[in-house]
There are 2 protein chains.
Amino acid sequence: MAATGSGTPKRDTYRHGDLRNALIEAGFELARQGGPEAVVLRAATRQAGVAPNAAYRHFADRGALLHAVSQAAMAEVARTMEAEQAALPHVPDAAAAARGRFRAVGTGYLRFAQEEPGLFRTAFHVPGDMTYATDDTAAGPGGKTPFELLGAALDDLVEAGLLPEDRRPGAEFLAWSAVHGLAMLLIDGPLRGLHAAQAHDAGHRLIDMIERGI
Amino acid sequence: MAATGSGTPKRDTYRHGDLRNALIEAGFELARQGGPEAVVLRAATRQAGVAPNAAYRHFADRGALLHAVSQAAMAEVARTMEAEQAALPHVPDAAAAARGRFRAVGTGYLRFAQEEPGLFRTAFHVPGDMTYATDDTAAGPGGKTPFELLGAALDDLVEAGLLPEDRRPGAEFLAWSAVHGLAMLLIDGPLRGLHAAQAHDAGHRLIDMIERGI
DNA sequence: CCACCCTTGTGTACGATGTCCACATTCGGA
DNA sequence: TCCGAATGTGGACATCGTACACAAGGGTGG
């Protein structure tokens with residue numbers, strides 16, 4: 001008999017070799033199209049060509065697997081933010097540069113939400129999982145998590161004199177709140193179905209609000 | 001044999017009489033402690049003292065029941081907002097009054113999120129359900145949904161001269177984004193566990209940002 | 001007043017999921 | 001080489017959503 005229908009055909013060795021990561025990867029793909037609810041333990045093991053229970057050798061339960069996938073998704077968000085910052089045109093003015101990096105954090109976040117709603121929801125919709133927003137496992141290539149990227153951008157803003165120092169403490173919560181809320185509106189809410197350009201405009205306007213009000 | 005353990009004892013009539021509403025109410029309680037995932041069809045029918053399949057005479061599927069519960073939860077949010085506005089001390093200045101009503105929309109929303117996280121998440125976490133944010137079924141005693149309450153408050157702000165007219169269109173999305181985002185932080189995120197007073201402060205600061213930036 | 005029929009609730013059943021337990025296989029070190 | 005700790009397997013169970021066939025009962029036309 002050949003392969004067992006879906007997914008990767010059965011491996012030849014009894015041991016898998018890297019099951020933990022294989023499960024996370026499989027869960028990641030499930031999350032991409034379907035969000036957190038779609039991260040089904042049995043489906044992931046199926047994809048890895050392994051019995052359902054094998055997962056319990058690497059994760060305490062479904063929640064633990066979902067958590068790992070969530071962290072991977074957050075890392076992907078960080079990657080997108082960094083890319084957005086890296087794509088910024090070089091400007092000589094330090095203040096303008098700091099401002100650009102700050103805005104890029106927001107636009108990267110929003111772009112990811114619209115391009116990968118499933119992963120986005122997995123990264124941030126999981127109840128209680130945002131507590132781990134500073135875990136290394138959620139960091140991007142630069143070693144920073146989305147939250148830390150935002151914090152760094154705000155620090156730059158202060159250093160550039162664009163944000164009064166006494167307004168800095170807790171500012172990440174204000175900024176994050178606004179951007180995250182808009183992301184939800186774009187994914188599940190009344191703003192769903194906006195074209196990329198329109199969404200970009202909405203993001204622009206929202207970040208304007210933040211800059212003015214923070 | 002006596003009652004069947006959990007929930008309301010068996011009814012005496014074959015017909016239930018008002019099963020639809022009984023199911024919504026049962027689902028509402030499930031949602032209160034456990035959020036949307038806790039709205040389990042079989043649990044609701046159990047509570048109503050009815051066979052699982054009876055639910056299908058009133059709802060197409062679990063999703064339809066959840067939707068109804070979600071709308072009920074939104075109505076509860078509207079009720080809280082209205083109460084917050086009603087509790088406002090009377091001020092003679094029309095502009096100050098408009099400003100107070102606007103802020104009350106936000107604080108009511110945030111208070112509800114913290115006091116009833118399960119219902120809050122049910123009202124707004126359900127993917128795609130926020131499209132129905134203007135359905136009558138989600139309205140409070142005053143006949144307005146949370147979204148509509150926000151819109152009215154913004155209109156008042158314009159009328160009072162506190163918000164430039166050209167900034168009005170789409171402003172509800174900006175304001176809602178910020179407040180909703182903070183609510184998520186308070187429920188599931190790093191700000192979870194804040195005391196009511198601290199949360200109130202955070203809300204105060206966030207609404208300041210909105211007022212300045214909108 | 002009564003027989004019929006449409007609505008509402010029941011019973012049984014199926015596939016899927018998360019998870020528990022006992023057992024099998026394999027790898028790495030003593 | 002042998003043995004124990006890791007790692008996978010198999011089978012079982014409770015729970016869930018839901019489909020299908022049937023039963024009960026209330027409203028309505030005759």
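Remember, it's a predicted structure, so these values are computed and weren't measured experimentally. In what follows, every chain begins at residue 1, and chains take the letters A, B, ... in the order their sequences are listed.
- Between G63(A) and D18(B), the residue anchored nearer the 5' end of DNA chain C, judged by the nucleotide with its closest heavy atom, is D18(B).
- Atom pair L65(A):CG and dT17(C):P shows a separation of 14 Å (rounding to whole Å applied).
- In this structure T134(B) satisfies the side chain to side chain contact (heavy atoms under 4.5 Å, CB included) test together with E148(B), sequence neighbours excluded.
- Pairs of residues two or more places apart, or lying in two chains, never qualify as salt bridge (charged side-chain N to carboxylate O under 4.0 Å, His left out) while including a residue from residues 133-146 of chain B.
- Atom CD of E159(A) has 12 or fewer neighbouring heavy atoms from other residues, nucleotides or ligands inside a 6.0 Å radius.
- In this structure, the CG atom of L30(B) is 15 Å from the P atom of dT15(D), given to the nearest Å.
- Note on Y56(B): every side-chain N or O is 4.0 Å or more away from OP1 and OP2 of dA19(D).
- A search for ring pair (Phe, Tyr, Trp, His ring centres under 6.0 Å) contacts involving F120(A) returns Y109(A), F124(A), H180(A), not counting sequence neighbours.
- Salt bridge D155(A)/R168(A): present, at least one basic N to carboxylate O contact under 4.0 Å.
- With hydrogens and angles ignored, the 3.5 Å screen pairs no side-chain donor or acceptor of R111(B) with any backbone N or O of M81(B).
- Straight-line distance from the CZ atom of R62(B) to the P atom of dA19(D): 15 Å, rounded to whole Å.
- Atom-to-atom, CZ of F59(A) to P of dT17(C) comes out at 18 Å; the value is rounded to the nearest Å.
- Non-hydrogen atoms lying under 4.0 Å from DNA chain C are contributed by nothing in residues 33-42 of chain B.
- Counting non-hydrogen atoms of neighbouring residues, nucleotides and ligands closer than 6.0 angstrom, the NE2 atom of H200(B) reaches no more than 12 such neighbours.
- Side-chain nitrogen and oxygen atoms of R20(B) include none within less than 4.0 Å of the OP1 or OP2 phosphate oxygen of dT7(C).
- Contact between the side-chain N/O atoms of H58(B) and the OP1/OP2 oxygens of dT7(C) is not found at any separation under 4.0 Å.
- Not counting sequence neighbours, F28(A) has no partner by the ring pair (Phe, Tyr, Trp, His ring centres under 6.0 Å) test.
- The nearest whole Å value for the distance from the CZ atom in R46(A) to the C1' atom in dG8(D) is 17 Å.
- Separation of the F59(A) and H67(A) ring centroids does not fall under the 6.0 Å cut-off.
- Distance from the side chain of L19(A) is smallest to dG8(D) among dG18(C), dG9(C), dG8(D).
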- [ ] For nucleotides 21-30 of chain C, just jot down a letter per nucleotide in 5' to 3' order: B, S or -, based on protein non-hydrogen atoms under 4.0 Å.
- [x] BB-BBB----
